[in-house]
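Since the model is a prediction, treat every value here as computed from it, not as a measurement.
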Amino acid sequence: QLQLVESGGGVVQPGGSLRLSCAASGFNLEYHALGWFRQAPGKEREGVSVISVSGGSTKYADSVKGRFTFSRDNDKNTVYLQMNRLKPEDSAVYYCAATPWGYGTPPLDNTREYPYWGRGTRVTVSS
């Protein structure tokens, strides 16, 4: 069974950091590009960051650029989202998604390109 499982969410004060993980089972992430998406209450799901199959290319939403870092460890079949200098507006459920992909990064703004999704992990940034 193909599965993505996110972890690492929680409650953190503004300015703090969290590292989200997304582990795959039932398939090899090595041949997939991935994306992190988030959805806050009452809002549409939005793209946060994407990473290429090789891990050599990443893209970020303007709102997180310079604060978040997307990385992957194919040996562990896991990807990570390091989130620094968190803001209250970063509060959301964060989802990872995977897609078989060739060269470059998949789109940040089209969730339909991703056939595999995790169930999400909640991040709350509050004092």
Side-chain angles (χ1 to χ4, degrees):
Q1 183 179 0
L2 306 180
Q3 195 172 13
L4 293 171
V5 179
E6 302 94 337
S7 61
V11 180
V12 63
Q13 291 188 340
S17 298
L18 283 174
R19 189 176 81 153
L20 305 184
S21 300
C22 174
S25 61
F27 69 112
N28 194 337
L29 281 182
E30 183 178 5
Y31 305 108
H32 294 73
L34 290 107
W36 282 100
F37 297 81
R38 67 186 182 187
Q39 189 165 18
K43 294 188 177 181
E44 292 188 355
R45 193 168 296 189
E46 63 174 354
V48 175
S49 181
V50 293
I51 193 166
S52 63
V53 172
S54 69
S57 296
T58 52
K59 289 184 179 177
Y60 298 91
D62 288 342
S63 59
V64 307
K65 204 171 292 183
R67 299 188 297 122
F68 290 12
T69 303
F70 197 168
S71 61
R72 62 189 299 160
D73 185 338
N74 288 340
D75 290 339
K76 295 183 178 179
N77 220 25
T78 301
V79 298
Y80 306 95
L81 186 68
Q82 178 67 43
M83 306 187 297
N84 298 329
R85 304 199 308 275
L86 283 161
K87 304 175 180 180
E89 51 264 43
D90 294 319
S91 297
V93 178
Y94 283 71
Y95 301 88
C96 72
T99 180
W101 203 255
Y103 181 78
T105 52
L108 194 57
D109 58 357
N110 187 354
T111 58
R112 290 172 292 180
E113 291 283 358
Y114 300 80
Y116 309 117
W117 288 82
R119 293 189 174 185
T121 184
R122 184 175 300 276
V123 172
T124 302
V125 185
S126 175
S127 54

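Residues passing the ring-ring contact (aromatic ring centres under 6.0 Å, His included) test with W101, sequence neighbours excluded: none. Shown here are the side chain to side chain donor-acceptor pair (under 3.5 Å) partners of T99, two or more places apart in sequence or in another chain: there are none. With sequence neighbours left out, R19 forms a side chain to side chain donor-acceptor pair (under 3.5 Å) with no residue at all. With sequence neighbours excluded, the residues that form a side chain to side chain donor-acceptor pair (under 3.5 Å) with N74 are R72. Evaluation of the side-chain contact (heavy atoms from CB on, under 4.5 Å) rule for S25 yields Q3 as partners, not counting sequence neighbours.
Of all non-hydrogen atoms in S127 and P14, the two that sit nearest each other are N-CD, 3.7 Å. Smallest separation of non-hydrogen atoms from G104 and S52: O-CB, 3.3 Å. Considering every non-hydrogen atom in both S91 and A40, the closest pair reads O-CB, 3.7 Å.
Apart from L108 itself, the hydrophobic cluster it occupies contains F37, V50, V93, Y95, Y114, W117, where clustering links Ile, Leu, Val, Met, Phe, Trp and Tyr at side-chain heavy-atom distances under 4.5 Å. With side-chain heavy atoms closer than 4.5 Å counting as contact, directly or through intermediates, the hydrophobic cluster containing L29 also holds L2, L4, V12, L18, L20, F27, L34, W36, V48, I51, Y60, V64, F68, F70, V79, L81, M83, L86, Y94, Y116, V123, V125.
Judged by distance alone, with hydrogens and angles left aside, the side-chain atoms of E6 form a donor-acceptor pair with the main-chain N or O of G120 at under 3.5 Å.
Screening residues 51-63 for salt bridge (charged side-chain N to carboxylate O under 4.0 Å, His left out) gives D62-K65 as the qualifying pairs, with residues at least two apart or on separate chains. Within the structure, the disulfide (SG to SG under 2.5 Å) test picks out no pair touching residues 43-88 (sequence neighbours left out). Here salt bridge (charged side-chain N to carboxylate O under 4.0 Å, His left out) pairs that include residues 45-57, with residues two or more places apart or in two chains, are R38-E46. The side chain to side chain donor-acceptor pair (under 3.5 Å) analysis of residues 77-86, with sequence neighbours excluded, yields the pairs S17-N84, Q82-N84. The salt bridge (charged side-chain N to carboxylate O under 4.0 Å, His left out) pairs that include a residue from residues 110-127 number zero, where partners must be two or more places apart or lie in different chains.
No more than 12 heavy atoms of other residues, nucleotides or ligands shown are found within 6.0 angstrom of CD on E44.
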